[in-house]
Amino acid sequence: MRKLIVLSGSGISADSGLETFRSSGERSLWAQYDADLVCNFDTWEENFDLVHEFYSRRREQLAKVAPNDAHRLCVSWQERFGADLITQNVDDLFERAGAHDVLHVHGFLTSMRCVECGAEWHFGYRKFDPATDRCPHCQGLHVKPNVVFFHEQAPLYAEMWRRLAGLTHDDVLVVIGTSGNVLPIAEIARRTPATTVLSNLETESAMTENYFTHVLHGRAAEIAPQLDALATSLMERGAELVNI
Ligand SMILES: [Zn+2]
């Protein structure tokens, strides 16, 4: 069966109004905190209260936004084509749109992890209280947002690379809302034998775009119908031959 993998990044959730690391504006949450202090694995325990204040505010923000048409489109691909959703996003908008088994390679904002015993648990959107919140398993205090920080290992990358390496020339890879700043999308597109689609708000370098079979520009939520038509035609191509 033909496979569809969707690799997404912050652009897809930015369309829901969620601020991203690269969102500009003085009022952006990211502008109010030094990311090197609040998202740094080497120093997070020194800045424990600040780290949790920042992540409590991110969860508060997340609770106020809703999935958009691009999230819903990915869910419909999961229903129609068994699409495999891999995301760099730590929000739960795919899940709230009805997705299941999303591979969150950079972690998950609404859960916590204990660095002492390794336990991970659902935390929801509430505020973290550094004075009272402890690991429910070992009662330890070394509790961290379950999000991959700078200088921290991203254990799910291995699984992501394994899935991408399994794509064949018959399969389809759709990359949505991510520039090449975090993941080497040009290299991924260059190496895979699959048909590739890039959907980004802004134009990437010609070098990057040339590696993709198809490129669509615009807000993912707005161009969802075009993206759907393209992916559907790619997934259903040749189906008539199979049916003969
Ligand atoms: Zn623990």
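All residue numbers in this chain count up from 1 along the given sequence. Counting starts at 1 for both ligands and their atoms, following the listed order.
Among residue pairs with one or both ends in residues 48-76, those qualifying as salt bridge (charged side-chain N to carboxylate O under 4.0 Å, His left out) are Asp69-Arg72; sequence neighbours excluded.
Taking a cutoff of 4.0 Å between a charged side-chain nitrogen and a carboxylate oxygen, Asp84 and Lys3 do not qualify as a salt bridge. Taking 4.0 Å as the cut-off between side-chain N and carboxylate O, Lys144 and Glu120 do not count as a salt-bridged pair. Using a cutoff of 4.0 Å between basic side-chain nitrogens and carboxylate oxygens, Glu152 and Arg113 are scored as salt-bridged.
Annotation: His151 is not in aromatic contact with Phe41 [ring centroid separation under 6.0 Å not met]. Ring-centre distance between Tyr55 and Phe123: not below the 6.0 Å cut-off.
Taking 2.8 Å as the limit, the number of protein N, O or S atoms around the Zn ion (ligand 1) is 4.
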